Amino acid sequence: MRVIIAGAGIGGLTTALSLHAAGITDVVVHEAVKEIRPLGVGINILPHAVRELVELGLGERLATIGVPISEITYVNRYGSLIWSEPRGAAAGYAWPQYSVHRGRLQLMLLEAVKERLGPGAVVTGSPVTGLDHDADLLVGADGIRSAVRAALFPEEGEPVWSGQVLWRGTTYAKPFMTGTSMLMAGDDTQRVVVYPIAPPEPDGQVLINWVIQRKAPETVPRGDWNRQVALETFFHHVADWRFDWLDVPGLVSAAEAVYEYPMVDRDPLPYWSTDRVTLLGDAAHPMYPAGSNGGTQSIIDARVLAHALATGRGVAHYESLRRPVTSEIVRSNRGDGPEAVLRLAHQRAPQGFSDIEDVIPRAELEEIAMSYKRTAGFVPEELNNRPSWSV
């Protein structure tokens with residue numbers, strides 16, 4: 001079986017590795033850019049995707065470039081605790097949760113593809129522009145502006161804007177909270193997300209990823225994660241966001257570069273596949289970053305697709321397993337996913353609170369967290385006991 005993959009991002013490269021591991025070795029990845037460089041900022045790889053990378057033999061490599069997140073904490077604008085829960089091994093998973101620089105993860109996957117499939121397995125400067133191909137299957141893993149998706153659905157148009165804008169960057173700074181914490185602070189107007197994405201440097205500092213999300217009166221150019229803007233564009237929004245355990249303006253102002261991007265997704269599709277074409281990752285189901293599931297779901301897509309092909313069940317089986325799940329995640333993320341607790345706390349106590357249980361009962365907080373785990377497929381005991389997608 002010959003497979004062509006459009007896109008050498010996280011999803012496309014993991015697909016190549018997964019196919020190879022399943023015995024499908026006639027695979028070529030075509031990437032539009034001429035040189036793959038470690039661009040981007042931080043992402044989270046949740047335990048159900050870390051499991052897949054570990055089963056591909058990449059666990060040790062991932063551990064050298066990522067930070068195993070031990071907790072996620074939600075606070076309001078004033079720093080008052082809304083909800084906190086353990087993550088990764090601390091939450092009972094058999095696999096960690098990693099925060100990592102997206103570009104470093106991509107280069108790690110690229111290196112593994114070249115080692116296992118050969119240096120010619122990835123062809124750069126070679127965009128896939130439509131559905132014509134000379135393989136048994138074309139996998140469109142070419143992102144939110146997928147040319148393969150556009151050929152399947154030529155009337156779809158632009159990504160759907162949420163009305164929110166993101167400003168993102170990375171900064172070397174001292175560790176905050178536990179040193180392996182992920183923090184979400186704010187409400188339904190503005191949020192700040194902060195987490196470390198690399199092991200400590202010799203001087204003790206860590207590379208920290210930060211995101212500022214805010215409602216915007218008008219949209220900004222869509223589809224370019226590498227669009228830099230001046231700090232003055234947004235700094236006034238966080239100039240007084242200082243907590244005992246984190247100086248947000250200090251963190252933001254020390255970044256070497258800041259990137260602006262509108263928070264966009266696309267509506268779930270009625271189908272992903274034809275006889276010789278299918279979609280994967282952001283090309284299939286671009287989603288808001290709520291819940292940290294974008295990269296995670298693309299990795300799972302890759303493993304399920306490889307299993308379906310290697311066991312003779314084909315792309316229809318792959319789509320039947322993955323499209324309903326990811327469509328539901330897209331819809332859940334539009335409602336804030338687990339970050340809905342920030343919105344609820346502000347709506348019910350806009351001036352703050354002294355005890356969150358006066359505002360949101362613990363049972364409700366627990367159900368919000370667990371409901372999203374069920375939707376996205378990472379309830380601990382279910383994940384730990386699920387059969388492997390390895391062939």
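Because the structure is a prediction, the values reported are computed rather than measured.
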Hey, quick one: are V128 and L13 part of the same hydrophobic cluster, counting side-chain heavy atoms closer than 4.5 Å, chains of contacts allowed? yes
Mind listing the closest non-hydrogen atom pair of S298 and L280 along with its distance? O-CD2, 4.0 Å
If you compare all heavy atoms of A49 against all heavy atoms of I299, which two are closest, and at what distance to 0.1 Å? O-CG2, 3.9 Å
Is any side-chain heavy atom of I212 closer than 4.5 Å to one of V252? yes
I need the S292 OG to L46 CG distance, nearest 0.5 Å. 6.0 Å
I want to know whether F176 and W245 have ring centres closer than 6.0 Å. no
Is there a side-chain contact between I65 and H101 (heavy atoms, below 4.5 Å)? no
Note, I72 side chain near M184 side chain (heavy atom, < 4.5 Å): yes
Using 4.0 Å as the upper bound for N to carboxylate O, is an ion pair formed by R2 and D136? no
Ignoring hydrogens and geometry beyond distance, is a side-chain donor-acceptor pair present between T171 and W210 at under 3.5 Å? yes
Please determine which of E367, E328, E381 meets the salt bridge (Lys or Arg N to Asp or Glu O under 4.0 Å) test together with R374. E367
CG (D275) with more than 12 external heavy atoms under 6.0 Å: no
Between R87 and E71, is there a side-chain N and carboxylate O pair less than 4.0 Å apart? no
When you compare the side chain of L58 with that of L109, does any pair of heavy atoms fall below 4.5 Å? yes
Taking it one step at a time, do Y172 and I208 satisfy side-chain contact (heavy atoms from CB on, under 4.5 Å)? CA-CA 6 Å; Y172 281 99; I208 295 176; over 6 Å; no
Counting N and O atoms only, with roles assigned by atom type, does the side chain of R149 sit under 3.5 Å from a partner on the main chain of A283, one being a donor and the other an acceptor? yes
Between the main-chain N or O of M263 and the side-chain N or O of S162, is there a donor-acceptor pair closer than 3.5 Å? yes
Quick one: do R334 and D265 satisfy side-chain contact (heavy atoms from CB on, under 4.5 Å)? Show the steps, please. CA-CA 9 Å; R334 286 179 173 179; D265 67 0; 2.7 Å; yes
Begin from the C-alpha positions of M287 and V264 and carry the test side-chain contact (heavy atoms from CB on, under 4.5 Å) through to its verdict. CA-CA 7 Å; M287 58 186 64; V264 297; over 6 Å; no
Is any side-chain heavy atom of V50 less than 4.5 Å from a side-chain heavy atom of T296? no
SB check D132 R276 (cutoff 4.0 Å): no
Assess whether a salt bridge exists between D247 and R242, defined as any Lys/Arg side-chain N lying under 4.0 Å from an Asp/Glu carboxylate O. yes
Is R331 paired with D267 through a side-chain N to carboxylate O contact shorter than 4.0 Å? no
Donor-acceptor pair, T14 side chain versus G11 backbone, under 3.5 Å? no
Could you tell me if T170 and N209 have a donor-acceptor pair between their side chains, going purely by distance under 3.5 Å? no
Exam field: side chain S99 to backbone I197, donor-acceptor pair closer than 3.5 Å: no
If I compare all heavy atoms of T278 with all of S273, which pair ends up nearest, and what's the gap? OG1-OG, 2.6 Å
Do E158 and R145 meet the salt-bridge criterion of a basic N to acidic O distance under 4.0 Å? yes
Considering non-hydrogen atoms only, spot the tightest contact between A198 and R104 and give its length. CB-NH1, 3.4 Å
Return the CG to CD1 distance between L105 and I10, rounded to the nearest 0.5 Å. 4.5 Å
For E55 and S388, run side chain to side chain donor-acceptor pair (under 3.5 Å): C-alpha distance rounded to whole Å, both residues' side-chain angles, the deciding distance at 0.1 Å, then the answer. CA-CA 8 Å; E55 292 185 358; S388 172; 2.6 Å; yes
Can you hop from V28 to L17 via hydrophobic side chains spaced under 4.5 Å? no
Flag the pair Y98 / Y195 as yes when their ring centroid distance falls below 6.0 Å, and as no otherwise. no
Below 4.5 Å, heavy atoms only, C-beta onward: do L342 and R191 meet side chain to side chain? yes
State whether R362 and E357 are salt-bridged, where the test is any N-O pair (Lys NZ or Arg NE/NH1/NH2 against Asp/Glu carboxylate O) under 4.0 Å. no
Are H285 and W272 an aromatic pair, judged by ring center distance below 6.0 Å? yes
Taking salt bridge (Lys or Arg N to Asp or Glu O under 4.0 Å) as the cut-off, I'd like each qualifying pair that reaches into residues 113-129, sequence neighbours left out, listed once. R61-E115
With no hydrogens and no angle check, do the side chains of S181 and T178 hold a donor and an acceptor under 3.5 Å apart? yes
What's the separation between atom CE in M370 and atom CD in E85, rounded to the nearest 0.5 Å? 8.0 Å
Look at the side-chain heavy atoms of Ile, Leu, Val, Met, Phe, Trp and Tyr, link any pair under 4.5 Å apart, and say whether Y78 and I82 land in one connected group. no
Take L131 and V148 through the side-chain contact (heavy atoms from CB on, under 4.5 Å) test and state the conclusion after the steps. CA-CA 6 Å; L131 302 181; V148 178; 3.9 Å; yes
Could you walk me through whether R386 and E52 pass the salt bridge (charged side-chain N to carboxylate O under 4.0 Å, His left out) test, one step at a time? CA-CA 12 Å; R386 175 181 61 73; E52 305 309 331; 2.8 Å; yes
If every non-hydrogen atom of P47 is compared with every non-hydrogen atom of G88, which pair is closest and at what distance? CG-CA, 4.4 Å
Does a salt bridge link R348 with E364, judged by any charged N lying under 4.0 Å from a carboxylate O? yes
When hydrophobic residues are tied together by side-chain contacts of less than 4.5 Å, even through go-betweens, does L137 share a cluster with V113? yes
Give the ring-plane orientation class for F234 versus W167, where under 30° counts as parallel, over 60° as perpendicular and anything between as tilted. parallel
Are there over 12 heavy-atom neighbours, none belonging to E201, within less than 6.0 Å of that residue's CD? yes
Ion pair present between E339 and R343, side-chain N to carboxylate O less than 4.0 angstrom? no
Inspect the contact between R51 and E382 and indicate whether a charged nitrogen and a carboxylate oxygen are less than 4.0 angstrom apart. no
Shortest non-hydrogen contact from A310 toward V391: CB-CG2, 3.8 Å
Would you check if V3 and M1 make a side-chain contact, meaning some heavy-atom pair closer than 4.5 Å? yes
To the nearest 0.5 Å, what is the distance between OH (Y74) and CD1 (I368)? 9.5 Å
Using the rule that two of Ile, Leu, Val, Met, Phe, Trp, Tyr join whenever any of their side-chain heavy atoms come within less than 4.5 Å, decide whether V379 and L321 are in one cluster. no
Is the shortest heavy-atom distance from the side chain of R214 to the side chain of T189 under 4.5 Å? yes
Could you go through D187 and R77, starting from their C-alpha distance and side-chain angles, then the distance that decides it, and tell me whether this counts as salt bridge (charged side-chain N to carboxylate O under 4.0 Å, His left out)? CA-CA 7 Å; D187 50 40; R77 163 66 186 85; over 6 Å; no
Does either side chain, that of Y372 or that of D336, offer a donor lying less than 3.5 Å from an acceptor on the other one? no
d(S84 OG, L365 CG) to nearest 0.5 Å is 11.0 Å
Gap between atom CG of D188 and atom CD of Q164 - 0.5 Å precision: 9.0 Å
